[in-house]
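What's counted below: heavy atoms across the whole structure, side chains too, no hydrogens, waters or symmetry copies.
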Amino acid sequence: MRTATLGPAERTAALAAMAERELDVLVVGAGVVGAGTALDAATRGLATGLVEARDWASGTSSRSSKLIHGGLRYLEMLDFALVREALKERGLLLERLAPHLVKPVPFLYPLQHKGWERLYAGSGVALYDAMSVSSGHGRGLPVHRHLSRKRALRVAPALKKDALVGALQYYDAQMDDARFVTELVRTAASYGAQVANGARVTGFLREGERVVGARVQDVESAQEYEVRAKQVVNATGVWTDDTQGLIGERGQFHVRASKGIHLVVPKDRIHSSTGLILRTEKSVLFVIPWGRHWIIGTTDTDWDLDKAHPAASSADIDYLLQHVNSVLNTPLTRDDVQGVYAGLRPLLAGESDATSKLSREHTVAHPAPGLVVVAGGKYTTYRVMAKDAVDEAVHGLDQRVAASVTEDIPLLGAEGYKALWNARARIAGRTGLHVARVEHLLNRYGSMAEELLDLILADPTLGEPLPAADDYLRAEIVYAASHEGARHLDDVLTRRTRISIETFDRGTRSARLCAELMAPVLGWDKDHVDREVQHYEKRVEAERESQRQPDDLTADAARLGAPDIVAI
């Protein structure tokens, strides 16, 4: 397995390599499903390419609730198969595939009715735990427990006394979704996949009815490549219909976008040692621990406007504040909100009653010879979706191909992580970093943290925190550009780190220093640095303006006031 460094030179080499010889599989779209598909194909020994028009996880896969969960509410819908599958995947990720990235998180479910509700909800949570253990990968999480109102308020003092008569506490898991996808891409590259972001598919290559590859444009140099492949996998999420439109094929289903928004508030605004899950009239509302912050979400509304930059309106923000404040002693206000982000869920909408009910299920189809499409599903089950997509592609390959092995393939950083975690105090002593800094690096990079420590050893100034976002070290900014494929300031502030949603200034005070740290790696001069900073500042202002608008139409128009630094 080779080192998976995704710097500028490696990106150029990957595009050239994809154009040089026919691939077995070309994956279009590097969200979690596309990245997982590339890893699945590469680890079966297939010559694999992965292209992404913007940045890794720049769509839905960086804007989720950041949970790895079985979907407790799907039990109520009697969707046992989906829950069982998701719980197995949760266990695999926690125990084997990504223990450095996926962590347990507790949730409190307040009960509002005496007697029957504890029996009803308690039975559901007990079944959830039992299904987790029966999957063979669920023993790493504590089982649920019943709490009286007094004990629940001791765990979550922020709750109003009259908001509950008791509670249940159970465990799920969480991760940084964009970082997870970056590690998926790097793991695929380490097994031989050729990967390139900023590489947009402009059309498909055809021989008669058969799709035999794609025309790929480097969006920064405008250079065009013809990438030939025996099978192409469309894994473009909410852009699935647009990508299918490039071949003029109408599939058996469509992908509908549903907008979900999230608020980020400082940890001290809600006094609780546990996350919360609250019922609303439409769905559930999560209050999720997130480092020194809370994430509050989410909404679920139809969206048919700009897919690249879904906008959160003032009404969306008010909706979340209203619902969370209904149970809090000290209400949150707009001034408490550090960050806001909006994402689009790719929901399946069929041509018939049968397919319209697919919703959070996923599906794989072969709409044209040489072209596979995978859509729907949920983040937690990305590996199953990827396996199914490659299984479908294999049917079109004239060769014997091994079965999927990703159940046993840890992501980069997983191997050796636990040993390094045990040695974190010694590492702190050796490097001069505080042990909390070492823990931060290990929980973001796993054993790959050694590469960041090498950067700091070579240049001790990189061990200093960013002045306006001191959760992050300067080395992380350099590493994002040199090893993780970050091409623009926005990539670093929004996805490689979460500075854009974790600071009240939304990253504007960190922008110039970060751009200057990236500049030597990416070959930027002063004018280029200025351009990146100005673009980011305009983006933040456009987002702030959109969040002052009353509805989706006006919010979308305001957000589009800041163009992308590279037109897609």
Worksheet item: With a 4.0 Å cut-off, would you call R444 and E476 a salt bridge?
Response: yes

Worksheet item: Hey, are R496 and D55 close enough for a salt bridge, meaning a charged N less than 4.0 Å from a carboxylate O?
Response: yes

Discussion item. Given V287, which partner from the list L328, L276, L108 fulfils the side-chain contact (heavy atoms from CB on, under 4.5 Å) test?
Written reply: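 The option that passes is L276.
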
Discussion item. Is a donor from one side chain sitting under 3.5 angstrom from an acceptor on the other, for T381 and H362?
Written reply: no

Discussion item. Are S314 and R548 packed together at the side-chain level, in the sense that at least one heavy-atom pair is separated by less than 4.5 angstrom?
Written reply: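 Result no, sub-4.5 Å side-chain heavy-atom pair not found.
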
Fill in: Passing option when D300 is tested against R256, K259, R345 for salt bridge (Lys or Arg N to Asp or Glu O under 4.0 Å)
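The passing option is R345.
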
Worksheet entry | Identified salt bridge (Lys or Arg N to Asp or Glu O under 4.0 Å) counterpart of E89 within the set K387, R383, K378 |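 Among K387, R383, K378, the one that satisfies the salt bridge (Lys or Arg N to Asp or Glu O under 4.0 Å) with E89 is R383.
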
Worksheet item: Would you call the rings of H144 and H146 parallel, tilted or perpendicular, where under 30° means parallel and over 60° means perpendicular?
Response: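 H144 vs H146 ring planes: perpendicular.
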
Fill in: W421 and Y417 aromatic ring geometry - parallel, tilted or perpendicular at 30°/60° bounds
tilted

Discussion item. Ignoring hydrogens, what is the shortest heavy-atom contact between L87 and M131? Give both atom names and the distance.
Written reply: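 Closest approach of L87 to M131: CD1-CB, 3.7 Å.
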
Worksheet item: Closest approach of E117 and Q112, non-hydrogen atoms and distance?
Response: OE1-N, 2.6 Å

Worksheet item: Is it the case that K66 places NZ or CZ above or below the six-membered ring of Y341, under 6.0 angstrom from the centre and within 45 degrees of the axis?
Response: yes

Item to complete: Go through the steps to decide whether L452 and L473 satisfy the test side-chain contact (heavy atoms from CB on, under 4.5 Å), and finish with yes or no.
Response: CA-CA 10 Å; L452 285 100; L473 300 180; over 6 Å; no

Worksheet entry | NZ (K267) with more than 12 external heavy atoms under 6.0 Å | yes

Worksheet item: Would one find more than 12 heavy atoms of other residues, nucleotides or ligands at under 6.0 Å from atom NZ of K418?
Response: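 12 or below, so no.
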
Worksheet entry | Ring centre gap for Y120 and H113 strictly below 6.0 Å |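 Aromatic pair excluded; centres sit 6.0 Å or further apart.
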
